[in-house]
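Presented below is the structure to which this report refers.
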Amino acid sequence: MVQHVDVWRPYIKDVLQSKVSELKLLGYDAANETEVWECLKKKVWKKEQEKPLFQVVQDILHLSGNIYMSYLTVQSQQHTDLMAQIEALTSSEKQ
């Protein structure tokens, strides 16, 4: 049965928690289920989010530290850019 990956999430909580534990062992101390899930959706499943359960589990278990680090780097840069834009807007309003 093929469904959107979000439908499978409640059924694979243990698999997701296992990946979080693995990432923490690799030194990603701030890893959490939500962040790992978003990484999978944006990096691994960005083109196809309709998958069978076994494929979702396999993708979670095969998520590498490199892909996760790449996701974190992009997120950090986007957050920094947003903060810079907000700062620019608020400083121009004060003038």
Can you list the steps and then say if Q75 with K42 is a side chain to side chain contact (heavy atoms under 4.5 Å, CB included)? CA-CA 11 Å; Q75 293 302 110; K42 291 181 180 177; 4.1 Å; yes
With side chain to side chain contact (heavy atoms under 4.5 Å, CB included) as the test, would you mind laying out the steps for K41 and D6 before giving the verdict? CA-CA 9 Å; K41 287 177 70 173; D6 287 330; 3.0 Å; yes
Could you give me the CA-CA distance, side-chain angles and deciding distance for M69 and Y28, then say whether side chain to side chain contact (heavy atoms under 4.5 Å, CB included) is met? CA-CA 9 Å; M69 178 54 92; Y28 301 103; 3.6 Å; yes
Begin with the C-alpha distance, continue with both residues' side-chain angles, and end with the deciding distance and a verdict on side chain to side chain contact (heavy atoms under 4.5 Å, CB included) for W37 and I12. CA-CA 11 Å; W37 188 257; I12 55 171; 3.6 Å; yes
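E33 contributes atom CD, which lies 4.0 Å from atom NZ of K13 (distance to the nearest 0.5 angstrom).
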Show me the donor-acceptor pairs within less than 3.5 Å that the side chains of residues 50-60 make with the rest of the protein, sequence neighbours left out.
residue : atom : partner : partner atom : Å
E50     : OE1  : H4      : N            : 3.4
Q55     : NE2  : D59     : OD1          : 2.9
D59     : OD2  : W45     : NE1          : 2.6

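Across all their heavy atoms, A31 and K24 have their closest contact at O-CE, 3.1 Å.
I67 and Y71 end up in the same hydrophobic cluster when Ile, Leu, Val, Met, Phe, Trp and Tyr side chains are linked at under 4.5 Å. Under a hydrophobic clustering in which Ile, Leu, Val, Met, Phe, Trp and Tyr are joined whenever their side-chain heavy atoms come within less than 4.5 Å, directly or via other members, L26 and L72 fall into the same cluster. A single hydrophobic cluster is not seen to contain both V74 and L40; linkage of ILVMFWY side chains at heavy-atom distances under 4.5 Å, directly or through other members, places them apart.
Using modelled atom types, one side-chain atom of K19 and one backbone atom of L63 make a donor-acceptor pair closer than 3.5 Å.
Within the 4.5 Å cutoff, side-chain heavy atoms of E35 are placed close to those of Y68.
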